[in-house]
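Beneath this line is the structure, given in structure tokens, with notes to follow.
To find a chain, count down the sequence lines: A is the first, B the second, and so on, and within it residues start at 1.
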Amino acid sequence: MRQDRIGFLFLTPALIAVVIFYLLPVVMTAVFAFTNMSTATGIRGGGYLVTEQTLRDLSGHGLTGATLSQLADAGYEVDTEGLAALAATFGDRLAGHIEAELGGESFATSRELERALRDLRAPELRITRDRKQAASLFQRSVLNIRHDTADALRDELTGAGIPGGDHDMIIEAAYTGWSWTMRNFELLLSLPSTARYALNTLIYVALTLVLFNVGLGLLLAIATFYLPKPSAAVFRAIWFMPRILPPVLYVLMWKWLMWDNGFLASALAPFGVERINWMLHSEYHAWVAIILINGVVGASFGMIIFASAIKAIPQTLLMAAEVDGATRWQQVRYVILPQMRWPILFVTAYQTLSLLASFEYILLSTGGGPGSATEVWAMAAFRTALNNYGGNLQYGMGATFALVLVIIGTVLSLLYLRFFNFQALLAKPRIER
Amino acid sequence: MRLVLEGFTKRFGDTTVIDALDLTVADGEMIALLGPSGCGKSTTLFAIAGLHQVDEGRILFGNRDVAHVSPQERNVGIVFQNYALYPHMTVAQNIAFPLRVRGERVVEMDRKVREIAGLVQIGELLERKPAQLSGGQQQRVALARALVRKPDVLLLDEPLANLDAKLRMEMRSEIRRVQLETGITAILVTHDQVEAMSICDRIALMKDGGIVQIAEPAEMYINPMDRYVASFLGNPPIAFLDAMADEELRLAGGASLGAAGRLQGLDRLVLGVRPEHYGPGKGVPLEGVVVMLETHGREDLFEVELAGCGRLRAILPAGSGTRIGTNVNWGIDMDHIFVFSPDGRRL
């Protein structure tokens, strides 16, 4: 029992890390995905504000024209509040004058009130601009006035004579904070760009994985296995460099290589090749660039895993193959490769997951361009939620993108775990019978 | 096929591991390369297989010099200590592998595999994977794979070292049976003298990269060339006593063993006495105390401390009743002792 507790004690840091860095973000992502949170709504709730946009929304939702025009038309009322404001701006004399002439009267529009003011022939209001300003002090419309609670807005609506039956609808539309919604998922399914992101992600993951992370990794591992030891070590170290380089520097070097005044363009110019931006000239250029950039980094991981797996093959097995008459190629084909099944599966599984979630090299190189030709799912999530051009960050929509990735990733991990059957990977010690 | 090594020299960097080794193996003969670890026996084997480069000298298969031919083109079969079976292939695929890489026809391959599997008695295991076989069965598969394409030479690198004692005996005679049935020229590398003596036509005893003596097992046992050979062969091993010779041959403690004869005047000698030549009622009696007793069932092995001049081993039929601490007066059969100079030469 005591030992159990010590065991848990030792596990605690790992558990805390899992909770903070995995479970918590996943739960928050899941929660956000069902909201319409954005920069506009904020994340802490909001107030009630009827705007022109609200009116447009409301008309779409079938609010009667009469109520709409009631809401839209600014109502003007000469009351003590307005008079006090007027006195502060134009002086008590005018305020007294207006109170005497117009006190308690209502006007439907600014124009009517302005006409009434002009008819007063007051010296303070000779200029149209002044009259407009004075009139605005008596505006008592519900439009563009922020209320902290729903009840405050309801009172205001009642005061403005809006029918009580319409209040709930208006209040709902006027709410500026976030609310629960399934709309993100509907959007996800209906937007054509979603399909594009999914296809892009598939292209990105599949090509990088097959060509580089597994393909080139395997090739390098086998090649370095047959090289003399010192040159093999140097060769592997070189291929490892991109991985230890800071990604920003690494991508900068690629850009320097590929932009329209860069190395490639300059080197080819004397041969009459037109100077183009080799990275962004077309979506094909962009894809080649992205897969190269990711692949050159990714290949070293597979290379290391595969190289150690090859080293674990007993030397005598290759000797036997050699004596059995197998050429180098036949040794690779019949002896080495069949025994690489598990490492290949492992690298495939591991790299699928990391590629699905990664977009840093794409962001730094093509930035998803040209257009959104190379924008992948994870990057779409990032852009939508945290870094979009419009400036309205859609946390909820972004979280929905991310949630899909989380689900795919989790399902894949579980499948891989099951498929790997780690128990079977651990060979039992064999005692000679 | 006759195999000849002429002046075979192998260096690793600046270290010469094998220096100008000569060896001839007759057609159909089985020869053992016997020696302790590091004596160069496996290196020699790998050079014959082509797995190690030959630095100098010739390796002749029949009349063909293969010293600089690649292993793929040498046509040798090799059996490794750890079997070296391809773990992902079935037994049948393992055996067929040498044929498969040569592109033989499937029907032909199948026939040969069945034939050889029958020879090494694993016909019913063909569909298993190596991991499902016992050590002895794996070694049979390895043997079949080595033999399936009728190699010029069969090379066996410590093939029995990984097996337990009982299986080792069984596989030992199996290897010999198969070798005799196929009539193949074979080289067995081993550090186990019992293995070498029991199944080989001749033994080449190696030391420090050279061959010390080549002889038939019985001849080598009876007539070792030097102290090293004498000490290597025999189980339980030979015992050595310091001695000197004036007119009589005397042990270091002073006890006389009779007239010195041709040895007269050599004041430093080493006598080699095998356990079977020391015991009650043999030759000159010497006083001693039994200090160790091993019961082997049919026989008992004794170690006897002679008064002041070393230990001897004796092997006697069980039931002598002699115990540790008993004073004994056993003798040495002087007709069968070996006399060596202090530097190990046979005199």
More than 12 heavy atoms of other groups within 6.0 Å of [X] [atom1]:
X      : atom1 : value
A:F225 : CZ    : yes
B:R2   : CZ    : no
B:Q53  : CD    : no

Among [options], which has the most heavy-atom pairs under 4.5 Å with chain A?
options                        : value
B:R102, B:R145, B:K166, B:Q137 : B:R145
B:L51, B:L85, B:V76, B:L155    : B:L51
B:Q72, B:R149, B:M89           : B:Q72
B:G50, B:P87, B:A49            : B:P87

Residue pair B:P151 / A:V323, side-chain heavy-atom distance below 4.5 Å
no
Between [atom1] on residue [X] and [atom2] on residue [Y], distance to nearest 0.5 Å:
X      : Y      : atom1 : atom2 : value
B:E73  : A:T327 : CD    : OG1   : 11.0 Å
A:Q330 : B:F97  : CD    : CZ    : 6.5 Å
A:D324 : B:N94  : CG    : CG    : 9.0 Å
A:T316 : B:Y83  : OG1   : OH    : 11.5 Å

Under a 4.5 Å heavy-atom cut-off, does chain A meet the side chain of B:Y86, its backbone, both or neither?
both
Relative to chain A, which segment of B:L99 carries a heavy atom at a distance below 4.5 Å: side chain, backbone, both, or neither?
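Neither part.
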Determine yes or no for a side-chain-to-main-chain donor-acceptor pair under 3.5 angstrom, with B:H88 supplying the side chain and A:R341 the backbone.
no
Quick one: do A:M319 and B:I78 satisfy side-chain contact (heavy atoms from CB on, under 4.5 Å)? Show the steps, please.
CA-CA 9 Å; A:M319 286 177 159; B:I78 190 162; over 6 Å; no
